[in-house]
Each structure stands twice: as structure tokens, then as C-alpha cells.
Amino acid sequence: MEVHLRDLFARFEDQFGSGPGLGPTSGTCLLLVESLPPPFIKHLFRASAALFRTDPWKRLRPAHLLGLRVGKDSDWSSKKQLFPCAQFIGGDGGDLALHFFKSEPDALKMTGLRETIRSPNTELLRVVFVPEPLLTSADKRMVRSLSLESSGTDRFPVFDVARCTSTGSLRFRNPTLEELRYVYAFMKAIALVHPLLQPAKDAVPKRGRLLRFEPFIETVDVQWPQEVSRGWDLVAVTVSHPPGQAYEEKKLSSNSPKYIAEPPKEDSSKTALVTKTWNILRQCMMCEKEVPGEQCLCCGRCHAVVYCGPVCQKQHWKDEHKSVCGVYKAMMEREEELALKVFTFPYFVDHPCKWLDLMGLHQKGMWRRRCDCYAHCPFGLLPLELGGVSTSWGGLSDGECPQDTPFVNYMDGVSNPILLSGWSEYYNLRSLPMSSPVSALLSHSLTVYNILTSLSMSSKNRLIKGKEVVVHYLGPEGELDWMPAFSEIGHLLNGVGNVQIVMVGPDVPSNLSGTASGISGRVRVSLVRGIYQEQASYLSSPHLVVALNCKMESFGSWVGALELIKSMNAPAFFTDKSEILCANAKQVLRAAGLHITHPVTPNPFRSPLHEQAPSSNLPSFSNGFVFGVNT
């Protein structure tokens, strides 16, 4: 019977083609891969499941070729990238899969309009998500014996390398351990970055037409599992679209200082000047002197650091900046990628009051914490305003702010936490116009929700089972006045599980400490004044610890807090505004004996407002980047 079915399938392929994939594999199983540790198989399946949950096939089609670079060429035995081109298969029907090619020409040769073309003497690595009943006997035994995680409800990834012979037939082999390491790094990275792909500005989605994306390039750090780390913990993974896309030299933005000073040469003190106007005060990185924006200088190479004049610029170059200028330059080159251009309101903030006034929100509702006009009021104690939900959101119309209502008809009434990939999906869900600025206030609450349901698998599993998740939220400040924004977490839980958020920090007012409130049916917030490590013994044990905009290198109290997090082995996630602050935080974590298990990546729910730091032009967003330990 099996021979008969194989022959029937072959004749079907001859008549109708092979479809978007290349058909089933033959005789491969990861347990047969030489030197492959079984724990790494578990990591592969977890990475596959995490990628599957993000549903890249919703937007990506085979024609959307992705460039891929994992570490340095010298990291691999062939001294070159193993599979520098990849594509997602099955978005229009057929098996869901990933194809990896040894070159972009190979990918182009095998990518047909409606099916994968068998190109003679071409080899590709596949990850095919196969329903459990269709797995081979060997793969079924492997899944059961290792208790491997499924992708979705009943699919499991099958890894193989297919080679098209000169006669058009297919031969399959097991991938090597080195090839599987390469695929693992890509799956971890692409799950984080593919939601950042933005449709081309002139792209009008039409039925049957391929959606075009803006040129894209993103680099993230991926943590190697201990079993295959080979002496280093992290690897840089760069994903681009189209494959040849490279980091471009950015032109000076309209927000650059008036004067640009080139890094001083050893035998020259010449300074290059570029005109620009800024009517705000900046601060010299060297002497901390305030200087009008139109008179300040910045490094002509990286454009990131601000100075009061050439004397400070030259001294800082000699003392410190020379060693980090290249790093700052790379960070500045990502400014365009990090900007959330889906929004139609102004998102550059050179002065908070000025921006709020432009939006008609100055000194209104929760927006009063977005500038210093109410700095005299302790956090959590803004004067009450009469009115309902609309007043809390600064008088925005009902259609411009989220209503305090559940998602009644979501998924035909099925109770499950609503999984979100970013702001576009949330705004769509709430039917909000992209001109609404509420994302600037929702960033904290939706970042917490994203951690609960997408980044922390243990928390997500508890919620799905209808259990409570206790979150220790460290160092709250303006969030204490944004409780209406945190009520959205309860609605997004969509009738499943409960969240208890314990906000602990020295800025909690004494008269609010010890209070608790149910801000929605499924979210309860308790407030505790004090240093975390001094108060933790009086609190319920956490399932999750979060600290947003943590400024870890700025506060000595973090030492004790991190020691406690390490001893509890509790999953902990942190955000900060810029990459340089995250790099500094990583040093603090390592000094505390904590290893990054969720690498620094752009937070899909970062605030869209680009904040201007006094001494730096580096891209900076509230909750801009997220990273974690003990995950």
C-alpha cells in the first residue's frame, strides 16, 4: 500500500507540480545526527514553537527573501555563512515551512510563482511543520521520549536537507549539528524581528498581489544554549530584506545640532560645521555645561555626542570617546529602523511641554506625567479631575482612546489571552486611528502584557490554565498615575487567568503604601514603598519580576535587588531607553552573576516618542529595548 501511495503521489506531482513545498521527507530524524545533544533538540523545538506563535506566514511569502548572517564567517567550518538566504513557505496554502539556501541565486532559481521549483544539483535545508499524525515512526518516538514542545496545537518541526539531483528527483539527509546551530540562531532572531517589517509606503494591499516591504535590516543578540555554546554565550544575528540590504550611512536628521565637530586628528584641530537650528538647551558630555542647541557641537563621525565647544570635544575624544565612537555610529545608523512610522502624529520630542501643547494634551489627564509641570506632585497623587475615561486620556474623543470594555466577540467568544505582535495589531483590535497618541501612555502596560504572554512562557502557561501570575514591578514612577492604562491588561487577558501586580519602589507615596485596588476584573495592583530587597520578604513570591526603564547603572540599590532575583531564580525582564543603557545594564547583571537569557531586542511596544537626551543624540524611546534573565 505504501509503495502504491508513493507512486500515486509522484504521478500527482508530475501533473500538478509539488506545490509550495517539496513534499515529505524520507528517513531523517534528529536522533540520528552525530554528536547532537538531546537537550539541544529540546531547544530547537522550543525555538520552533516560539516562532510558530508569532505567525510570520501571515504576511511573508516565498518571494520575500530574507538575508541572513549568523556571527562571523570564521565561526563556521567552511569559513563562510552556511545559509545566507531564507524564505517562509506556505502562507498561501500548503505545508508551513522554512527554506534555507546556500546563496540568493539558489533561492531565486527555486522560487516559482506558485510552487517550489526543483533546480538540479541545488541543496536547501528545510524546517517543515508537520501535523503529528503525519510524522514518521522515528520522529513520533523522539517527540514522546524527549517530551518535545509542539508548534501550535498538533504540529512538530521536521528538519532535513533536500538535494535536487540532475534527474529532478529528491534526496534527503539529516542536517549536521553545525547546520542546526545556524538554523536555531535564525529562528530565535526572526521571531523577534519579523514584526518590525513595515509595508512600503506606496504599497496598497490587494487580493492576489504580493505585499511589498520597506528595505529592512536588524541585528539582535541570540543566546546559545549551554550544550552548543562553544565557549561564547551570544552570537549576533543580522536579518535583512531584501538579502543585499546593508546598514546605510544616515544623513543628518533635522534634529541634529547646528555645529558638527569631526573627531580631532592627532595633528589637527580643525572642526567641520553643518548648519541646523534647535531652540532648546543641550548639555556638554564633557563638562556638563548647558549650551543652546544652535551653538553646540557634536562628533562628526558618529553624530551621537554633544559638546559645548572644540576644547571639550577634543578632550573627550582623547579620554573616552575614541574607543566607543564606532559603536555609537552603529547605534545611530539604526535610528530609521527603530522609528515607529506607522503612527501619523509627530513623534520627535525635543521638549515635552512643546509636544504636548502641539497635541492639545498639555496639563491634561494622565498626560500631566509626560512633562515636568506637575513635578511638585508626588507620583500617584496628581489632583483629581472630574470626568470619566475620556478625561483620563486628556479629553481625547471616544474613538481616539481605548474604552474600558472587554473584547466581547474576539475569536468567536473563545477565552484565551489575546496575543499581539505590535502596535498596529493592537490599534486594529481597538479600532483606533494611527493618529491617536495613546501608545505613548500604553507602552508600560502593554510591555508588561507582552512579557506575560509572549516572552515569559511560564507566566503564559499559568494564565492559559486560568491561574494567577504574581508580578513584582520594581521602581514605579509615573506609572502610579497611569492606572487606567493598566486596566487594559485585564481586557486583553480575555477571560483567562489573573494578574497581581505588586509595585515596589522608593517613589511610592507613604500614604499609598499598603493599598491595593482591582483596576479591572482580572488585574489587581498593590503598592509598597521601599527598597525591593528590604520589602520582598513581606510579599508573595513572584512568578515574574519586571523593571521598566530600569537605569540599572545609575542606582546602587540594584546590587541587592539583583542578588535577590538571582537567589529566587525568578524570571526577570528589564527595559531601557537606548542600546547604550542596555549595554551598561548587561555589565551590571554580569557583575551580579546573572546571565542574559533573553537578549537585548527592540520592544514591539516601545513608546513611539523619540526622546532627546541632553548630551546624546542616540535613538531613545521609553521602554525602547527589552532583555531578561532566568527566563
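- In this structure, Asp55 does not pair ionically with Arg59, as no charged nitrogen and carboxylate oxygen lie closer than 4.0 Å.
- Under the salt bridge (charged side-chain N to carboxylate O under 4.0 Å, His left out) criterion, Lys566 pairs with no residue at all, not counting sequence neighbours.
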Please step through side chain to side chain contact (heavy atoms under 4.5 Å, CB included) for the pair Leu82 and Ser78, ending with a clear verdict. CA-CA 8 Å; Leu82 303 184; Ser78 61; 3.7 Å; yes

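- Evaluation of the salt bridge (Lys or Arg N to Asp or Glu O under 4.0 Å) test over residues 41-52, restricted to residues two or more places apart or in two chains, returns none.
- Every residue two or more places apart in sequence or in another chain that forms a side chain to side chain donor-acceptor pair (under 3.5 Å) with Ser119 is listed here: Thr122.
- Between the side chain of Asn461 and the main chain of Ser458, no donor-acceptor pair closer than 3.5 Å is present.
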Stepwise side-chain hydrogen bond (donor to acceptor under 3.5 Å, both in side chains) check, Gln612 with Asn617: CA-CA 7 Å; Gln612 182 66 69; Asn617 297 323; 3.2 Å; yes

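- When side chains are defined from C-beta on, Val306 does not count as touching Leu297, because their heavy atoms never get closer than 4.5 Å.
- When the side chain to side chain donor-acceptor pair (under 3.5 Å) test is applied to His316, the partners found at least two apart in sequence or on another chain are Tyr307.
- Counting heavy atoms of neighbouring residues, nucleotides and ligands inside a 6.0 Å radius, atom CD of Gln226 does not exceed 12 of them.
- Contact record, Leu51 with Phe88: CD2-CE2, 4.2 Å, taken as the closest heavy-atom pair.
- The closest side-chain heavy-atom distance from Leu562 to Val629 is not below 4.5 Å.
- Residues His303 and Tyr328 place their aromatic rings such that the two centres sit no closer than 6.0 Å.
- Trp57 has its ring centre less than 6.0 Å from the ring centre of Phe129.
- Side-chain contact between Phe159 and Phe45 is present, with heavy atoms from C-beta onward closer than 4.5 Å.
- Between the side chain of His99 and the backbone N or O of Leu125 there is no donor-acceptor pair closer than 3.5 Å.
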Tell me, with the steps shown, if Thr219 and Thr238 meet side-chain hydrogen bond (donor to acceptor under 3.5 Å, both in side chains). CA-CA 4 Å; Thr219 300; Thr238 300; 2.8 Å; yes

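- Side chain of Gln87 to main chain of His64: no donor-acceptor pair is present (N/O by atom type, distance under 3.5 Å, no hydrogens or angles).
- Distance alone, capped at 3.5 Å, is enough to place a donor-acceptor pair between the Gln81 side chain and the Val70 backbone.
- Between Phe83 and Phe186, the distance separating the two ring centers is not shorter than 6.0 angstrom.
- A salt bridge between Arg126 and Asp160 is present, with a side-chain N of the basic residue lying under 4.0 Å from a carboxylate O of the acidic one.
- Counting only residues at least two apart or on different chains, no salt bridge (Lys or Arg N to Asp or Glu O under 4.0 Å) pair has a member in residues 613-625.
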Report the C-alpha distance between Ile451 and Thr453 in whole Å, list the side-chain angles of each, state the deciding distance to 0.1 Å, and finish with yes or no for side chain to side chain contact (heavy atoms under 4.5 Å, CB included). CA-CA 6 Å; Ile451 292 170; Thr453 57; over 6 Å; no

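- Looking only at atom types and distance, the side chain of Thr631 has a donor-acceptor partner in the side chain of Thr597 under 3.5 Å away.
- With ring centers used as reference points, Phe100 lies 6.0 Å or more from Tyr182.
- In this structure, Glu333 does not pair ionically with Arg301, as no charged nitrogen and carboxylate oxygen lie closer than 4.0 Å.
- Taking both residues in full, the closest heavy atoms of Phe213 and Pro199 are given as CD2-N, 3.9 Å, listed atom of the first, atom of the second, then distance.
- Between His610 and Phe348, the ring centre distance stays below 6.0 Å.
- Considering only heavy atoms from C-beta on, Ile89 stays 4.5 Å or farther from Leu96 through its side chain.
- Residues Asp106 and Ser103 meet the side-chain proximity criterion, which asks for heavy atoms closer than 4.5 Å.
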Side-chain donor-acceptor distances from residues 569-584 under 3.5 Å, at least two apart:
from: Thr575; atom 1: OG1; to: Asn549; atom 2: N; distance (Å): 2.7
from: Thr575; atom 1: OG1; to: Asn623; atom 2: OD1; distance (Å): 2.7
from: Asp576; atom 1: OD2; to: Lys551; atom 2: N; distance (Å): 3.0
from: Lys577; atom 1: NZ; to: Glu611; atom 2: OE1; distance (Å): 3.0
from: Ser578; atom 1: OG; to: Leu581; atom 2: N; distance (Å): 3.4
from: Glu579; atom 1: OE1; to: Arg334; atom 2: NH1; distance (Å): 3.4
from: Glu579; atom 1: OE2; to: Arg334; atom 2: NH1; distance (Å): 2.3
from: Asn584; atom 1: ND2; to: Ile580; atom 2: O; distance (Å): 3.3

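- Here the OH atom belonging to Tyr184 is positioned 8.0 Å from the CH2 atom belonging to Trp224, to the nearest 0.5 angstrom.
- Shown here are the ring pair (Phe, Tyr, Trp, His ring centres under 6.0 Å) partners of His43, two or more places apart in sequence or in another chain: there are none.
- Under the 4.5 Å side-chain criterion, counting only non-hydrogen atoms from C-beta, Glu553 is not in contact with Trp558.
- Checking Arg173, Lys109, Arg118 one by one against Glu123, the salt bridge (Lys or Arg N to Asp or Glu O under 4.0 Å) holds for a single residue, Arg173.
- By the 30° and 60° cut-offs, the orientation of the rings of Tyr427 relative to Trp423 is perpendicular.
- For Lys58, there are no side chain to side chain donor-acceptor pair (under 3.5 Å) partners at least two apart in sequence or on another chain.
- Not a single salt bridge (charged side-chain N to carboxylate O under 4.0 Å, His left out) links Lys460 to another residue, sequence neighbours left out.
- Inter-residue side-chain proximity for Pro131 and Phe156 is flagged as unmet; no heavy-atom pair is nearer than 4.5 Å.
- For Arg171, the salt bridge (charged side-chain N to carboxylate O under 4.0 Å, His left out) criterion is met by no residue, not counting sequence neighbours.
- Under the 3.5 Å distance criterion, the side-chain polar atoms of Thr111 are matched with a main-chain donor or acceptor of Ala107.
- Val161 places none of its side-chain heavy atoms less than 4.5 Å from the side chain of Thr28.
- Taking each heavy atom of Ser456 and Ser459 in turn, the nearest pair found is OG-OG, 3.0 Å.
- Distance check, rounded to the nearest 0.5 Å: CZ of Phe343 to OG of Ser439 gives 3.5 Å.
- The closest donor-acceptor contact from the side chain of Arg606 to the backbone of Asn603 lies under 3.5 Å.
- Arg163 meets the salt bridge (charged side-chain N to carboxylate O under 4.0 Å, His left out) test with no other residue; sequence neighbours excluded.
- In this structure, Thr447 contributes its side chain and Ser443 its backbone to a donor-acceptor pair below 3.5 Å.
- Applying the ring pair (Phe, Tyr, Trp, His ring centres under 6.0 Å) criterion to Tyr449, with sequence neighbours excluded, gives no partner residue.
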Just do the salt bridge (charged side-chain N to carboxylate O under 4.0 Å, His left out) check on Glu335 and Lys341 with the steps written out, would you? CA-CA 11 Å; Glu335 181 176 11; Lys341 296 182 179 179; over 6 Å; no

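- Using a distance-only test at 3.5 Å, with no hydrogens or angles considered, a donor-acceptor pair links the side chain of Ser323 to the main chain of Glu320.
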